[in-house]
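Here is the naming used below: chain letters follow the sequence lines, and residue numbers restart at 1 for every chain.
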2 protein chains.
Amino acid sequence: MLDAVARLRRFNRAVTREAGALDTSFLGRGRPLGAVRVLVMVRPEGTDVALIRDRLGLDSGLMSRFLRSLEREGLIETATDPADRRRRIARLTPAGEAEVAAYDAIGHARAARLIARAGTRANELVAAMDLIATLLNRDQLEIRPADPDSLEVTACWQAYFDELVARVPAARPDMFALPDPGAASYRAPRGACLVAWSDDLPVACVALRPLDGPTAEVKRLWVDASARGQGLARRMMSAIENEARQLGYQWLRLDTNSALSEAIALYRATGWTDIAPYTGAPADVWMEKPL
Amino acid sequence: MLDAVARLRRFNRAVTREAGALDTSFLGRGRPLGAVRVLVMVRPEGTDVALIRDRLGLDSGLMSRFLRSLEREGLIETATDPADRRRRIARLTPAGEAEVAAYDAIGHARAARLIARAGTRANELVAAMDLIATLLNRDQLEIRPADPDSLEVTACWQAYFDELVARVPAARPDMFALPDPGAASYRAPRGACLVAWSDDLPVACVALRPLDGPTAEVKRLWVDASARGQGLARRMMSAIENEARQLGYQWLRLDTNSALSEAIALYRATGWTDIAPYTGAPADVWMEKPL
DNA sequence: CCATATATCTGACTATAGTCAGGAAAAACA
DNA sequence: TGTTTTTCCTGACTATAGTCAGATATATGG
């Protein structure tokens with residue numbers, strides 16, 4: 001392989017040029033880039049001003065000016081946060097939502113064009129971008145509770161089932177027909193569902209449901225290919241165990257398949273022990289852990 | 001797969017943030033970014049000012065000011081191009097070379113740190129970056145003649161030999177011991193050597209040497225993994241055929257191995273026909289084409 | 001209650017990027 | 001040869017990003 005560092009710097013130049021083009025593509029709607037970057041971070045339901053400032057690394061004075069300018073344009077409204085009245089919350093007006101949608105469409109079109117440029121290698125391109133984005137976002141990874149009926153959880157579970165079908169010989173697609181009738185059991189007060197976010201993309205999930213008195217069952221641990229090799233599965237397991245503890249459980253169980261060797265190695269390394277079967281195919285390994 | 005466009009946009013955000021950090025890392029030496037971008041594009045042996053301006057997309061007035069400012073600092077000297085005295089050529093002074101080396105070191109350190117962050121997936125990261133950079137740079141790809149003894153050609157040939165060893169069962173590493181004693185035959189006036197550049201990284205090569213009177217032999221066609229699937233091999237073959245025509249050859253020959261099926265398919269599709277063996281192992285396919 | 005810290009806002013300021021019009025010199029063209 | 005085009009330069013200008021100090025209102029911890 002030629003010098004890896006030289007290759008990385010070529011990448012930097014290529015992407016900087018592309019990102020520059022991306023930035024200027026956000027112009028042409030008569031608004032400076034800084035204001036646009038703020039605008040597109042405001043969610044319709046309202047976003048904490050400090051959060052935006054922090055994400056964009058802006059000076060508070062500059063941020064304030066951007067907000068005033070967007071307000072003058074009638075794209076956002078700001079109100080004080082009732083929970084902490086020093087803070088302010090920015091909310092999109094209908095005009096603002098339309099404007100954000102327009103910027104979204106521009107970005108979407110650009111992105112689609114870039115992917116199209118890859119031709120037959122589009123899938124590889126997206127996978128490569130995923131890997132890089134996940135590595136760069138690695139420190140910003142956040143694990144948050146999620147609604148088991150939400151779109152992101154459904155997407156994670158679908159990815160999990162696809163993975164099972166690909167790797168477990170005994171698994172067939174029709175074993176996992178979403179939507180899941182049992183999704184309610186992954187909710188409070190007796191269940192839980194966690195998703196790991198890299199930026200706004202879910203890259204891992206895990207769920208917990210009541211099994212039998214003081215025993216809960218861990219289900220559907222999944223980590224996206226781009227996020228593997230960084231100890232995320234271990235973090236997810238540790239997070240769901242904490243949830244279980246807080247819900248008052250004393251024992252955890254899980255079933256899995258011997259084809260999923262890394263997962264089993266992780267379980268063994270973190271205090272899980274084999275037990276007698278308590279479910280059927282496609283599982284062929286059953287484990288337990290005291291809390 | 002989750003929405004590809006959403007993933008690409010996450011990538012954009014991650015990389016824009018990183019590129020922003022990269023840009024500011026070029027600060028801290030008391031010089032504005034624009035001037036630095038110009039400075040690091042000046043080669044010690046001299047670079048055409050218009051070329052720099054074109055690559056960076058700068059206004060001629062702005063460019064002029066950057067040059068004056070770098071001159072005042074004693075980092076570069078400008079002289080009129082003797083071939084066209086409207087044009088100017090910028091050259092690094094010794095102080096300038098030292099300064100560029102310092103910026104290089106900063107960039108190198110940053111790049112190394114990023115690669116290190118990928119841990120066990122460093123190779124995958126570099127491959128992903130290569131793929132993206134090559135796709136983004138695709139329109140800027142340049143095929144230029146190269147010195148067969150140069151570092152870049154040696155690197156290409158080494159990559160070619162590695163590929164052969166990996167794919168051809170009969171090939172062993174010791175069959176291809178660089179440096180190549182026959183490199184001189186790939187030079188003018190009877191031979192040629194072409195390299196395709198993506199930015200400053202060689203991504204493909206092909207060579208030509210005299211064989212027998214009006215017949216020349218095409219050797220060492222190689223395309224980097226990141227640049228495949230875009231018709232580059234075809235372009236390289238077409239370029240080397242043009243070289244051969246200009247050198248007055250009437251026939252081309254080549255030997256290859258049946259394990260390299262895409263290459264053979266390309267040859268068949270572009271007018272090459274099978275002929276009797278004229279070399280030994282590891283070759284097992286021999287072809288010819290009239291010009 | 002007070003002292004201190006935090007979040008935001010405002011006004012004044014600087015630095016940098018970028019634009020534009022016009023001029024001088026050289027090259028290309030008819 | 002004269003005209004047009006190209007290349008670079010300069011000065012004047014604008015827009016944007018970003019910094020800084022101080023003011024105000026609120027929260028937090030004693």
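- Of all the heavy atoms in B:A128 and A:L131, the pair that sits closest is CB-CD2, 4.2 Å.
- Although no hydrogens or angles enter the test, the distance criterion places a donor-acceptor pair under 3.5 Å between the side chain of B:T134 and the main chain of B:D130.
- In this structure, the CG atom of B:D54 is 15 Å from the P atom of D:dT6, given to the nearest Å.
- Distance, B:M63 CE to D:dT7 C1': 12 Å, rounded to whole Å.
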5' to 3', nucleotides 10-22 of chain D under a 4.0 Å protein heavy-atom cut-off (B base, S sugar-phosphate only, - none) gives BBB---SSBBB--
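- Sorted by residue number, the members of residues 77-88 of chain B with any non-hydrogen atom under 4.0 Å from DNA chain C read B:D84, B:R85, B:R86.
- Taking each heavy atom of A:A204 and A:L232 in turn, the nearest pair found is CB-CD2, 3.7 Å.
- Remark: side-chain polar atoms of B:S198 are not paired, donor with acceptor, to backbone N or O of B:L201 under 3.5 angstrom.
- With axes fitted over five pairs at each extremity, the angle between the ends of the helix from C:dC1-D:dG30 to C:dA30-D:dT1 is 30° (10° resolution).
- A salt bridge links B:D149 and B:R187; the closest N-O separation between the charged side-chain nitrogens and carboxylate oxygens is under 4.0 Å.
- For the atom pair CD of B:E99 and CG of B:L92, the computed distance is 10.5 Å after rounding to the nearest 0.5 Å.
- A 4.5 Å side-chain heavy-atom check between A:D48 and A:D81 finds at least one atom pair inside the cut-off.
- Note: CZ (A:R53) to P (C:dT6) measures 12 Å, nearest angstrom.
- Exactly one of A:R31, A:H108, A:R37 qualifies for a side chain to side chain donor-acceptor pair (under 3.5 Å) with A:Y103. That residue is A:R31.
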